[in-house]
Student: 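My questions all concern the structure below.
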Amino acid sequence: MEKRVRTRIAPSPTGDPHVGTAYIALYNLAFAWKNGGDFILRVEDTDQNRYIEGSEKMIFDALKWLGLDYAEGPDVGGKFGPYRQSERFGIYGEYAKKLVELGGAYYCFCTPERLENLRERQKAMGKAPGYDGCCRSLTPEQVKAKIDAGEPYVIRLKMPYEGKTIINDRLRGEIIFENDKIDDQVLLKADGYPTYHLANVVDDHLMEITHVIRAEEWIASTPKHIQLYKAFDWDIPEFIHMPLLRNADKTKISKRKNPVSLVWYREQGYLKEGIVNFLGLMGYSFGENKEIFFLNEFEESFNIDNVSLGGPVFDLVKLGWVNNHHMRLKDLDELTKMTIPFFKELGFVGENVDQEEYKSLVKIVEILREGAQTLKELAKKSEMFFVDDIELQQVTEEMNSKERKSLEKLKASIYDPTAKEAISLFIEKLKKWNKDDFTIDEAKDLLHSTMEELGASPVKVFMPLRAVITGQSVGTDLYNMLYVIGKERTLKRIETMVKKYNIL
Ligand code: GLU
């Protein structure tokens, strides 16, 4: 009978949840889903020096946020638990000793001083550092005597001195390692803690993982893992090493050059759909130039053999583009609710948003989502809708000459003779308007009829109106402004500006 496909991610809780974890999770999830199997989460927290309190919870939250649901894990349980390596310590010591009995590992009593000396000597001779196999030849009696005498020990992998270890990577084909180049890796440390290699292999075996899909940075570890499987006489899972995510300069993705924390992306207001879509594009191509998709489409189309190995660049411009598409595809009401925390953060709305306010937020989101890449950017662009006590925008240091020029034009426009007429007529029309709000078309009609009745050019009419309604030379179209703020607030703005600048 074919084994049920089981895949996993095995992050270490050593900091903020990493985009790389989500990327690998996505491919493991899609592969398991496609094959009717299970995708699970195991926490590899055996390295006490790198452990960071709270990191594990952030990983759970980030994966759940993205909808990368694992069927088993520390917080959801499952029949292969516990799923936290720190809760499985007893197991690793047992298996390390079993491996000694099977001849695949040995006790090593070398002191840290001896190992340090060895390293120094190797360095001086220009040799690669590595254990020299000193304790490999101890007899069982010698070992027993040392243990009985309470000598500290580690357990090391007994790498064959000859031959090759071959990884049959599904995407990369055969990757061949000369065994004599591979160190006798420590499996169990003197304090009884397992190393990554031992814990990882034992758990993948006990949790019945059939496919190990992980980043290419683990390739160097895989021959050691294969030797462990062989020594235990266990089935070797299929290995699939995914291309690493890269900075724009093609180096491995790093904090210094790219934000890597999923928390950061969430706080910036990237949508989960945008992140998942973008990560899906990193190693996979749908064909037919389809670049925008949802998780379920990705899962349905997924074929691991089509993963491409070119170093995918984690490009924020592309991510912004993808995210913008998902902002536009999102239900407007839902998107508005998601944007409210960002409006609050900027102080544009208070703690409680009433119905009237909410209605105008929906309109703001409707208008601005076209041109924003994140919810935060959308909120930032919305300032002109909130503050009614406006004034003419001032020239600032950062402005380029084009921006300065258009501001000067805006300023001058309010003193043009036509401006007075345009503003007066527009006030009149507004006062006659028999509702408080406008549809976008109604707002357009109102503005255009003002221009037509005056028989003046668009610039002569719309520029001063823009000045007295927004105070700014750039930004959203005037009709959008009317659509959002309605009749009373438009009138109030115009009246304030007329007074401030002695226009009429
Ligand atoms: N604990 C390793 C990590 O932090 C797991 C690597 C693997 O998937 O084997 O990514």
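We count ligands from 1, going down the list as the structure has it; atoms in each ligand are counted the same way. Quick caveat: nothing in here was measured; it's all calculated off a predicted structure. Residues: numbered from 1 along the sequence shown.
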Student: Are His211 and Phe239 an aromatic pair, judged by ring center distance below 6.0 Å?
Tutor: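 No, they do not, as the ring centres are separated by 6.0 Å or more.
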Student: Check ligand 1 against Glu44 and write out every atom of the ligand that is under 4.0 Å from a heavy-atom position of the residue.
Tutor: 1 (N), 2 (C), 5 (C)
Student: Can you give me every donor-acceptor pair (side chain of residues 304-315, partner residue at least two apart or in another chain, under 3.5 Å) with its distance?
Tutor:
| from | atom 1 | to | atom 2 | distance (Å) |
| --- | --- | --- | --- | --- |
| Asp305 | OD1 | Arg170 | NE | 2.8 |
| Asp305 | OD2 | Arg170 | NH2 | 3.1 |
| Asp315 | OD1 | Val317 | N | 2.9 |

Student: Would you call the rings of Tyr284 and Phe286 parallel, tilted or perpendicular, taking 30° and 60° as the class edges?
Tutor: perpendicular
Student: What protein heavy atom lies closest to atom 4 (O) of ligand 1? Include the residue and the distance to one decimal.
Tutor: Ser12 OG, 3.3 Å
Student: Give me the ring orientation class for Tyr270 and Trp264: parallel if the planes are under 30° apart, tilted from 30 to 60°, perpendicular past 60°.
Tutor: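 Because their plane-to-plane angle lies in the 30° to 60° range, the rings of Tyr270 and Trp264 count as tilted.
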Student: If you measure every N or O of Ala10 against every N or O of ligand 1, does any of those distances drop under 3.5 Å?
Tutor: yes
Student: Who's the nearest protein heavy-atom neighbour of atom 10 (O) of ligand 1, and how far?
Tutor: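 The closest one turns out to be Trp218 CZ2, 3.4 Å.
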Student: List ligand 1 atoms under 4.0 Å from Arg214, heavy atoms only on the residue side.
Tutor: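 That gives atoms 7 (C), 8 (O), 9 (O) of ligand 1.
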Student: Taking only heavy atoms of Asn200 into account, list the atoms of ligand 1 that are under 4.0 Å away from them.
Tutor: 7 (C), 9 (O)
Student: Quick check on Arg114: does its CZ atom have over 12 non-hydrogen neighbours (other residues, nucleotides or ligands) under 6.0 Å away?
Tutor: yes
Student: Between His18, Arg8, His197, His241, which one has a non-hydrogen atom sitting closest to atom 7 (C) of ligand 1?
Tutor: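 Nearest heavy atom to atom 7 (C) of ligand 1 lies in Arg8.
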Student: Under 30°, 30 to 60°, or over 60°: which ring-plane class applies to Phe348 and Phe386, parallel, tilted or perpendicular?
Tutor: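 Geometry flag for Phe386 against Phe348: parallel rings.
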